[in-house]
Amino acid sequence: MAGAGALGLIVLGSGSKGNAAVVVNRATGAGVLVDCGISKRQFMDGCAQAGFDPARIEGTLLTHEHTDHTKGFGVVMRGLAKLGCHPPLYASAKVRAASRPLAEIADLCEQRSFTAQDALAIAGVQVHIFPTSHDAVESFGFRFELDGDVVGYMTDTGLVTGAAHEALGGVRILAIEANHDLAMLHEGPYPYALKRRIEGERGHLSNDQGTQEVASLLHPGLERIVCMHISETNNTYGKPVRAMQAMLDQEGCAAQVSAAKQTRALSVV
Ligand SMILES: [Zn+2]
Ligand SMILES: [Zn+2]
């Protein structure tokens, strides 16, 4: 039953230039912000387009400290404070210590530390935290649960950890990284060391790796797949969608695939 879930996902922006998403409790209209590497304008515009009231954000989760996930916190938290909204921020202690944008908002919002395997409740949504494999001080993905509905969220990882694979089982909406097309990365303009970093075990998932992981997670309740953190240089929006679609057709799975964009909001229910 498409669209009947308790949870929704709004990707406000996704890619190497900035990332932010909101997981929405559709019964109450409250939400959990995941990362904030976009401008206040993109944040506010994306929320408006998706019909989400930004003042309803009840907490923020941070995957890791890279600036494409953190650089918008200051402006966005100041904007939310003007709306009377002061959501606490949840990140690992190491990630908090490593992030300058987080230090700059110390006076603006309460910051709480989490560790992998912690279970949190934000906006009425259960959040399970799992470790990913990335060249940050620490990095994490999230599983969101409400009334039997489940959203899985994983970007910025060079491989799928056992804990991640387990945590992403049985989800209805799956937001998963499909960063690069391997041939485009190899033939593209990046310096050799950066290419090695991206395709390494602490880099980013390729289209093929993302597709393989989705193939191993197929189940009748999987309805929506969102390809995340798509590289503007080493990928196209079409390639990961076509790769996933070909796999789904072969497996006889009716799940719908979309590409999250760098500058345009995508709403999935
Ligand atoms: Zn990133
Ligand atoms: Zn990163």
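We count ligands from 1, going down the list as the structure has it; atoms in each ligand are counted the same way. What you see is a predicted model, and the numbers here were worked out from it, not measured in a lab.
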> Under 2.8 Å from the Zn ion (ligand 2), protein N/O/S atom count?
Replying inline: 4
List the atom pairs, donor and acceptor, that lie under 3.5 Å between side-chain atoms in residues 114-126 and the rest of the protein, sequence neighbours left out.
residue	atom	partner	partner atom	Å
Thr115	OG1	Asp118	OD1	3.2
Asp118	OD2	Thr115	N	3.1

>> Which atom name does His229 have for its N/O/S atom nearest to the Zn ion (ligand 1)?
In response: NE2
>> So, applying side-chain contact (heavy atoms from CB on, under 4.5 Å) with Ile176, which one of Gln209, His229, Met244, Met228 is it?
In response: Met244
> Between Leu9, Val24, Ile10, which is the residue that forms a side-chain contact (heavy atoms from CB on, under 4.5 Å) with Ser267?
Replying inline: Ile10
> Which pairs with one or both residues in residues 249-262 pass salt bridge (charged side-chain N to carboxylate O under 4.0 Å, His left out), sequence neighbours excluded?
Replying inline: none
> Quick one: side chain to side chain donor-acceptor pair (under 3.5 Å) pairs with a partner in residues 180-192, sequence neighbours left out?
Replying inline: His186-Glu199, Tyr190-Thr233, Tyr192-Arg196
> How long is the span from the CG atom in Leu12 to the CD atom in Gln42, to the nearest 0.5 Å?
Replying inline: 7.0 Å
